[in-house]
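See structure below.
Residue numbers run from 1 in the order of the sequence given.
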Amino acid sequence: MIQEPEPYVPEAPEPEATRRDAGVAESARANRGWWDRNADEYQIEHGTFLGDDRFVWGPEGLDEVEAELLGPPEELKGKEVLEIGAGAAQCARWLAAQGARPVALDLSHRQLQHALRIGGPFPLVCADAAALPFADGSFDLACSAYGALPFVADPREVLREVRRVLRPGGRFVFSVTHPIRWAFPDEPGPEGLAVASSYFDRTPYVEQDDAGRAVYVEHHRTLGDRIRDIVAAGFRLVDLVEPEWPAWNSSEWGGWSPLRGNLIPGTAIFVCERD
């Protein structure tokens with residue numbers, strides 16, 4: 001049973017940032033631990049922007065209400081929807097308000113405790129996106145707003161699992177950091193506008209402790225890699241959305257900012273369908 005969160009006191013020294021290989025198991029272990037340790041801070045820092053029941057695709061603030069990437073809101077009623085990397089399940093809560101029947105899944109138990117704290121009439125499932133605990137053809141739709149895929153060493157494994165649990169004709173929409181951002185420093189100001197590394201360097205970004213153990217891992221795929229992964233997993237890519245930075249959004253989120261957002265894309269959203 002998932003219980004409401006108790007106060008969490010963070011500890012441990014600052015990790016070392018590097019670029020090195022990190023496999024499937026190491027990435028999963030590191031990121032489960034990172035999100036469990038940082039869920040409280042994340043929800044405090046970004047909770048206002050995300051809201052309790054908004055469906056936001058990324059730091060630009062593109063809202064599913066206007067984007068309709070899963071389909072018109074009035075057509076979501078009664079649909080079985082899996083949210084992957086749900087965090088505090090803001091997107092699932094919005095889907096439920098449209099009459100959909102969502103399930104919110106996350107690798108981090110602590111993130112799901114925040115989902116429980118906010119509440120919602122839908123199941124919360126703590127599981128790895130590469131081993132979904134659902135029968136074949138369980139869902140009409142699946143979605144993931146910056147969840148799972150940026151953090152896994154084998155994205156095709158996740159995509160194949162999502163396809164498996166979707167019914168024929170089902171749609172999977174997911175957003176990730178736009179691949180071009182990997183060539184630039186992760187800084188919101190002018191220092192983040194000059195190319196600093198090769199776009200084609202797929203070496204993972206790793207934060208590690210004093211013993212060299214990974215405590216956070218993020219994986220880079222080029223735009224072409226992402227498309228090939230989607231096709232290899234058996235999906236058909238029907239749209240690729242690169243949200244522009246809106247005039248109303250004056251906030252910064254890590255390396256995302258109005259300055260950078262008006263010059264280069266920060267988010268890529270892939271709209272896929274299972275034939």
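- A distance of 10.0 Å separates CD in Glu26 from CG in Asn31, rounded to the nearest 0.5 Å.
- Between Asp40 and Arg110 there is a salt bridge, since at least one side-chain N of the basic residue sits less than 4.0 Å from a carboxylate O of the acidic one.
- In this pair, Phe55 and Trp94 present their aromatic rings perpendicular. The plane angle is above 60°, beyond the 30 to 60° band.
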Residue pair His220, Tyr199: steps toward the ring pair (Phe, Tyr, Trp, His ring centres under 6.0 Å) verdict = CA-CA 9 Å; His220 171 47; Tyr199 169 75; 5.7 Å; yes
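- Grouping the Ile, Leu, Val, Met, Phe, Trp and Tyr side chains by contacts below 4.5 angstrom, directly or via other members, places Phe172 with Val125.
- Side-chain N or O atoms of Trp57 include none that pairs as donor or acceptor with a backbone N or O of Gly61 at under 3.5 Å.
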For Arg117 and Gln43, what are the C-alpha separation, side-chain angles and deciding distance, and is it a side-chain hydrogen bond (donor to acceptor under 3.5 Å, both in side chains)?
-> CA-CA 11 Å; Arg117 170 181 58 80; Gln43 295 301 330; 5.1 Å; no
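- With a 4.5 Å cut-off on side-chain heavy atoms, Ile180 and Pro265 count as touching.
- Residues Arg181 and Trp256 have side chains in contact (heavy-atom distance under 4.5 Å, counting atoms from C-beta outward).
- Of the possible polar contacts, none joining the Ser27 side chain to the Val24 backbone as a donor-acceptor pair under 3.5 Å is found.
- You'll find the side chain of Pro168 reaches within 4.5 Å of the side chain of Arg274, heavy atoms only.
- Heavy atoms of other residues, nucleotides or ligands lying less than 6.0 angstrom from CG of Asp210 number 12 at most.
- Clustering ILVMFWY residues whenever any of their side-chain heavy atoms sit less than 4.5 angstrom apart, transitively, puts Val176 in a cluster other than the one holding Phe151.
- Judged purely by atom type and a 3.5 angstrom limit, Ser257 uses its side chain to pair as donor or acceptor with the backbone of Pro188.
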Check the pair Phe122, Val103 against side-chain contact (heavy atoms from CB on, under 4.5 Å), reporting the backbone distance first and the verdict last.
-> CA-CA 6 Å; Phe122 46 83; Val103 173; over 6 Å; no
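- The two residues Thr267 and Pro243 come nearest to each other via the heavy atoms O-CD, 3.3 Å.
- Here the shortest heavy-atom pairing between Ala153 and Gly23 reads CB-C, 3.6 Å.
- You'll find the side chain of Val238 stays beyond 4.5 Å of the side chain of Cys272, heavy atoms only.
- Between Arg226 atom CZ and His178 atom NE2 the span is 11.5 Å, to the nearest 0.5 Å.
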Would you please test Cys143 and Leu95 for side-chain contact (heavy atoms from CB on, under 4.5 Å) and show each step?
-> CA-CA 11 Å; Cys143 58; Leu95 288 162; 4.1 Å; yes
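- The only member of Arg221, Arg160, Arg163 that meets salt bridge (charged side-chain N to carboxylate O under 4.0 Å, His left out) when paired with Asp229 is Arg221.
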List the steps, then state whether salt bridge (charged side-chain N to carboxylate O under 4.0 Å, His left out) holds for Arg93 with Asp52.
-> CA-CA 7 Å; Arg93 213 165 279 111; Asp52 287 345; 5.5 Å; no
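- Nearest heavy atom pair, residue Ala88 against residue Ile118, reads CB-CD1, 4.0 Å.
- Between Leu70 atom CG and Leu141 atom CG the span is 5.5 Å, to the nearest 0.5 Å.
- Here the side chains of Pro155 and Val158 are not in contact, with every heavy-atom distance at 4.5 Å or above.
- The shortest heavy-atom contact between Ser144 and Ile84 is OG-O, 2.8 Å.
- Asp140 contributes no side-chain N or O that, together with a main-chain N or O of Gly170, makes up a donor-acceptor pair within less than 3.5 Å.
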Start with the C-alpha gap between Tyr216 and Val206, add the side-chain angles, then the distance that decides, and say whether side-chain contact (heavy atoms from CB on, under 4.5 Å) holds.
-> CA-CA 6 Å; Tyr216 176 87; Val206 176; over 6 Å; no
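- Put simply, Phe235 and Phe174 are part of the same group of oily side chains (I, L, V, M, F, W, Y) that touch within less than 4.5 Å, one to the next.
- Separating the CZ atom in Arg101 from the NZ atom in Lys79 is a distance of 13.0 Å, to the nearest 0.5 Å.
- The two atoms that bring Ala86 and Asp106 nearest to each other are N-OD2, 3.2 Å, heavy atoms only.
- Heavy atoms only, all atoms of each residue included: Leu69 and Val173 are closest at O-CG2, 3.6 Å.
- When atom types are taken as modelled, the side chain of Arg236 and the backbone of Asp275 share no donor-acceptor pair closer than 3.5 angstrom.
- Not one N or O on the side chain of Asp128 forms a donor-acceptor pair closer than 3.5 Å with the backbone of Ala28.
- The backbone N or O of Gly212 sits less than 3.5 Å from a side-chain atom of Asp209, completing a donor-acceptor pair.
- Atom CG of Leu149 and atom OG1 of Thr177 lie 11.5 Å apart (nearest 0.5 Å).
- Hydrophobic clustering places Val162 together with Leu237 (ILVMFWY residues linked when any side-chain heavy atoms are closer than 4.5 Å, directly or through intermediates).
- Residues Asn38 and Ser108 form no side-chain contact, since every pair of their non-hydrogen atoms from C-beta on lies 4.5 Å or further apart.
- Classified by interplanar angle (parallel below 30°, tilted 30° to 60°, perpendicular above 60°), the ring pair Tyr42/Trp35 is perpendicular.
- Under the 30°/60° scheme for interplanar angles, the aromatic rings of Trp248 and Phe49 are found to lie parallel.
- Within 6.0 Å of the CD atom in Glu244, the count of heavy atoms belonging to other residues, nucleotides or ligands does not exceed 12.
- Transitive grouping of hydrophobic side chains (ILVMFWY, heavy atoms separated by less than 4.5 Å) keeps Leu159 and Val81 in distinct clusters.
- Using a 4.5 Å cut-off on side-chain heavy atoms (C-beta onward), Leu62 and Ile269 make contact.
- A salt bridge links Glu161 and Arg164; the closest N-O separation between the charged side-chain nitrogens and carboxylate oxygens is under 4.0 Å.
- Salt-bridge formation is detected for the pair Arg202/Asp225: a Lys NZ or Arg NE/NH1/NH2 atom is positioned less than 4.0 Å from an Asp or Glu carboxylate oxygen.
- Annotation: the span from Leu223 atom CG to Ile227 atom CD1 amounts to 4.5 Å, rounded to 0.5 Å.
- Taking 4.5 Å as the limit, every side-chain heavy atom of Glu157 sits out of range of all side-chain heavy atoms of Val152.
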